[in-house]
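Everything numeric here is computed off the predicted structure, so don't read it as measured data.
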Amino acid sequence: MSPQGQDSDLSYTVLQLRNDVDDLGIAIGNLPARLSGLDSSLDDVRAALRQVQNRSIAVETTSNDLAALVKRLDARVEWLERNIRLQAVTAEVELDDVDAAEVHLAQVAEAGHVAQSELLPPAGRSALEAAVAAHAEALRNQVHHRDVALGACEVLAETSRDDERHISAVAEFRAAVAGRDQARQRARELAAPALEAAAVLGVDEEQQVAVADVLVAGEHAWAALQHRLRTRVADAVGEGALLPAWFTTVLGPIPPAEDTRAWMDVATSLLAYRVTYGVTDPVVALGSPPVEAESARRRAWYQQLRRQFVDLQR
């Protein structure tokens, strides 16, 4: 490159540098204004955060006040209920005063529930049936690949090596043999689990047949018992009767204004529990906790009711 060309490139570079310096000077000149705007924005954010904090404190204070008020109201309701019971102004309804028919229904229903609990649950049956089905599918794949290989052998026997059908049959035969080997290996792996699953399913089916009448009778008895007990609770609430202490301790003196159906469901289940297991404790709704010797059905029902009591109080 000539000296004149070099001077021209140098001049152009110097000109670019001057323009960059000018732009930088303008940016530096605008920087204080931008920083001032940023400070203003930060002040706004700080103010908003202070407002949020103040509101949070106010909400927390209100929540604490409401909680204290609810406690005071609960104490007053408990005091009023205690005095009403002591003065015997209002007769207490005897929800535990069940007749022989209801006791019989509870026994039949419990027998059905116990029999049902000893059968495989739907999820367990599905898992076992899936194991049997997987083995059967592997066997079907093995047969399918065998048939494909035999069909390819027929083509190979009837065609010459340079025939396109012969060439395709060779590839088809090799793929079928590989597929058959894979299916055979999978069938071998799934055979033992499938046999075990089939045996368990067979036993469960025999049990289902053996207890079919017990299950049907239990379902009918449970429906009838639920209807009778639900009606009893509804009548007592509708008449404004004084409910037993064991009932109000966990469910309160009256149903809530909202979600009354859930309250009625739990109340009916509680009464059914007491009828089924002969619980007569005048204060503790569920009586003594079931021990290990009790049925799994009773232990599960007990825990379910405890959880439902807590959920209704939230």
Side chain to side chain contact (heavy atoms under 4.5 Å, CB included) test vs P255 passes for just one of L312, V233, T260, namely T260
Applying side-chain contact (heavy atoms from CB on, under 4.5 Å) to D96 and L271, what does each step give before you reach the verdict? CA-CA 7 Å; D96 277 335; L271 189 52; 3.9 Å; yes
Distance col, row F173:CZ vs R180:CZ, nearest 0.5 angstrom, shows 7.5 Å
Can a side-chain donor-acceptor contact be found between R161 and H166 if the only test is distance below 3.5 angstrom? no
Check your understanding: Between H227 (side chain) and A223 (backbone), is there a donor-acceptor pair under 3.5 Å?
Key -> no
inquiry  = Can you confirm whether R297 is buried at CZ, in the sense that more than 12 heavy atoms of other residues, nucleotides or ligands lie under 6.0 Å from that atom?
reply    = yes
Q | Co-membership, hydrophobic cluster, residues L128 and V132, 4.5 Å side-chain | A | yes
| said: A side-chain contact here means heavy atoms from C-beta on lying under 4.5 Å apart; do L286 and L270 qualify? | reply: yes
With a 4.5 Å heavy-atom cut-off, do L242 and T248 have their side chains touching? no
Any salt bridge linking R232 with E102? Criterion: basic side-chain nitrogen under 4.0 Å from a carboxylate oxygen.
yes
Residues pairing under salt bridge (charged side-chain N to carboxylate O under 4.0 Å, His left out) where one sits in residues 299-309, two or more places apart or in two chains, turn out to be none
- [ ] Begin from the C-alpha positions of E110 and Y277 and carry the test side-chain contact (heavy atoms from CB on, under 4.5 Å) through to its verdict.
- [x] CA-CA 9 Å; E110 181 67 3; Y277 303 116; 2.8 Å; yes
Any side-chain donor paired with an acceptor under 3.5 Å for T276 and W301? no
* For D162 and I167, run side-chain contact (heavy atoms from CB on, under 4.5 Å): C-alpha distance rounded to whole Å, both residues' side-chain angles, the deciding distance at 0.1 Å, then the answer. => CA-CA 7 Å; D162 56 352; I167 298 173; over 6 Å; no
| Heavy-atom check, side chain of L201 versus side chain of E196, under 4.5 Å | no
V214 and A115 have their tightest heavy-atom pair at CG1-CB, 4.2 Å
Shortest non-hydrogen pair, L95 vs A236, comes out as CD2-CB, 4.4 Å
dist D99:CG -> H104:NE2 (nearest 0.5 Å) comes out at 11.5 Å
Determine whether R228 and T231 make a side-chain contact, defined as any pair of heavy atoms from C-beta on separated by less than 4.5 Å.
no
Sorted by chain and number, sequence neighbours left out, side-chain contact (heavy atoms from CB on, under 4.5 Å) with E189 holds for Q185
Give the cluster check for V237 versus L229: same hydrophobic cluster or not, with ILVMFWY residues linked at side-chain heavy-atom distances below 4.5 Å. yes
More than 12 heavy atoms of other residues, nucleotides or ligands under 6.0 Å from CD of Q313: yes or no? yes
Could you tell me whether D311 atom CG has more than 12 heavy atoms of other residues or ligands within 6.0 Å of it? yes
| request: Establish, for the pair R261 and W263, whether the NZ or CZ atom is under 6.0 angstrom from the six-membered ring centre and no further than 45 degrees off its axis. | output: no
When every non-hydrogen atom of A245 is compared with those of P282, the smallest separation belongs to CB-O, 3.9 Å
One should read off an interatomic distance between R274 CZ and S269 OG, to the nearest 0.5 angstrom, of 12.5 Å
Residue set satisfying salt bridge (Lys or Arg N to Asp or Glu O under 4.0 Å) with D204, at least two apart, ordered chain then number -> R125
Of Q308, R230, Q226, the one forming a side-chain hydrogen bond (donor to acceptor under 3.5 Å, both in side chains) with D265 is R230
Are V266 and Y302 connected in the hydrophobic side-chain network, where two residues link if heavy atoms are under 4.5 Å apart?
-> yes
query = Should L225 and V114 be counted in the same cluster of Ile, Leu, Val, Met, Phe, Trp and Tyr side chains packed under 4.5 Å apart?
reply = no
TODO: Just do the side-chain contact (heavy atoms from CB on, under 4.5 Å) check on H145 and V177 with the steps written out, would you?
DONE: CA-CA 7 Å; H145 289 302; V177 170; over 6 Å; no
When rounded to the nearest 0.5 Å, the distance separating CD1 of I254 from CG of L243 is 9.5 Å
Same hydrophobic cluster for V250 and W246, using side-chain heavy-atom links shorter than 4.5 Å among ILVMFWY? yes
On a heavy-atom basis, the closest approach of A169 and A152 is O-CB, 3.6 Å
Output for pair (C153 SG, E158 CD), nearest 0.5 Å, gives 11.0 Å
| Does Q107 reach the side chain of V103, with side-chain heavy atoms less than 4.5 Å apart? | yes
Of all heavy-atom pairs linking R298 and S288, the shortest is NH2-O, 4.4 Å
Heavy atoms of A133 and R140 approach each other most closely as O-NH2, 4.5 Å
Between the CD atom in Q182 and the CG atom in N141, the distance rounded to the nearest 0.5 Å is 10.0 Å
